[in-house]
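I have placed the structure first, in the form of structure tokens, so that the comments after it can refer back to it.
Numbering of ligands and ligand atoms starts at 1, following listing order. FYI, side chains are in, hydrogens and waters are out, and symmetry mates aren't considered; it's all heavy atoms of this structure.
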Amino acid sequence: MTTAHELPVPLLSVRGLSVSYAAPRKGTHLGTGAALAEADLDVRPGEIVGIVGETGSGKTTLARATVGLVAPAAGTIAFAGSDVGGLRGRARRAFRRSGQVQLVFQDPLRSLDPDLTIGEIVREPLDIAGTLSRAERQERVVESLRLVGLDPDAVLARHPRQLSGGQRQRASLARAISTRPRLLFCDEPVSALDVSNRNLVLNLLDQLRRDLDLAVVIIAHDLSSLAGIADRVAVFYRGRIVEQGPIRDVLEDPAHPYTALLTASAPSIGDEDRLRPDQLKPAPDAPAWPADLGCGFAHRCPFVHDACADQPRPAPLPHAPARQAACHVATTWRERLAPPHPHKESA
Ligand SMILES: Nc1ncnc2c1ncn2[C@@H]1O[C@H](COP(=O)(O)OP(=O)(O)OP(=O)(O)O)[C@@H](O)[C@H]1O
Ligand SMILES: [Mg+2]
């Protein structure tokens, strides 16, 4: 079996992606309407990539831009070697219809049409793609439901409201995989579920990536839920990717102070020396941190110094090129703790 690490060619390659919404919602972090700034992200075939970050940090925006639901303000999105970020009009609709990249929305109860049956819901992307015969589509619906562990006889004629939360999550997964995508974005697939259902759905995603040779991007609020399943993780903070790398390395020894904070609040990771919330500076009254004011975490960071007035670009760590951190004083947490750090006095 090939692993993600043996396949250097990315399936998805996002570079310098920025997205702005026309009518900014309250609390948008990067100044007027900007929701995502200069994001770089690769996803390799068959890989599971986790995305974590607090609410409003741009996680869903990256997913929406990649599936073509929102047009980028800047940057490129390459899927299987072709530029899909620059597609407009008919070409963009054709890409979306093809179902090669699918998105499972954050809230299955709201995203599944309540008037349709589960059978119709799962078949809809196939009807839109229009590549299979009627019989083939029906067969694909049944197969997709089985792949997510739902009994077709029991759910085909039901409506979303008649399913449990876990079943609904599976039904939206069945819908998303019905076109046999090569890349699947799952937006907070487990946030609304209880612990036992969480593990079932995460294991299911792992199984699907094997069965269907699928690359999966899982969006989550906390790092700990991704620990057992993702190969790599990207940490979002205020519209920017502040750190990314192999998940075990990031969890064990975070490089960005914000990641250190996240790992400190992940209960099973247990390293008392991690950054604690009480070491942070209080958040200022002004919620917005305009992009031109430099690092978005500077106002809370105990290690802040002059260079932080410039927005850092993610850069590979000198001793770990597979890892990147957007921090002027980026070093792994272990190194930061070892010798007295020159910037620590400012804490
Ligand atoms: N349709 C929209 N119109 C205007 N602003 C939006 C829209 N969608 C998102 N935003 C803003 O863009 C920023 C990023 O939002 P996004 O939904 O990508 O965050 P998120 O990380 O997915 O958050 P959550 O964890 O709450 O789902 C937020 O400030 C949000 O208010
Ligand atoms: Mg979201």
Just go through [options] and tell me whose heavy atom is the nearest to [atom].
atom                    : options             : value
atom 17 (O) of ligand 1 : T55, V19, T60       : T60
atom 12 (O) of ligand 1 : A34, A35, A220      : A35
atom 20 (P) of ligand 1 : G53, G56, G239, A65 : G56
atom 7 (C) of ligand 1  : Y21, F236, Y237     : Y21

Provide the number and element of each atom of ligand 1 under 4.0 Å from a heavy atom of [X].
X    : answer
E188 : 25 (O)
T61  : 14 (C), 15 (O), 16 (P), 18 (O)
H221 : 25 (O)
S57  : 19 (O), 20 (P), 21 (O)

Answer whether the closest heavy-atom distance between the side chains of [X] and [Y] falls below 4.5 Å.
X    : Y    : result
D231 : V49  : no
Q106 : T60  : yes
L205 : I218 : yes
I118 : L156 : no
R182 : L214 : no

Q162 atom CD: more than 12 heavy-atom contacts under 6.0 Å: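 Above 12, so yes.
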
Distance-only side-chain donor-acceptor flag, D211 / Q207, under 3.5 Å: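 Indeed, the side chains of D211 and Q207 share at least one donor-acceptor pair under 3.5 Å.
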
Of the backbone and side-chain N, O or S atoms of T60, does one lie nearer to the Mg ion (ligand 2) than 2.8 Å?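 So T60 counts as coordinating the Mg ion (ligand 2), yes.
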
Closer than 4.0 angstrom: is that true for some heavy atom of R64 and an atom of ligand 1?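 No; R64 lies far enough from ligand 1 that no heavy-atom distance drops under 4.0 Å.
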
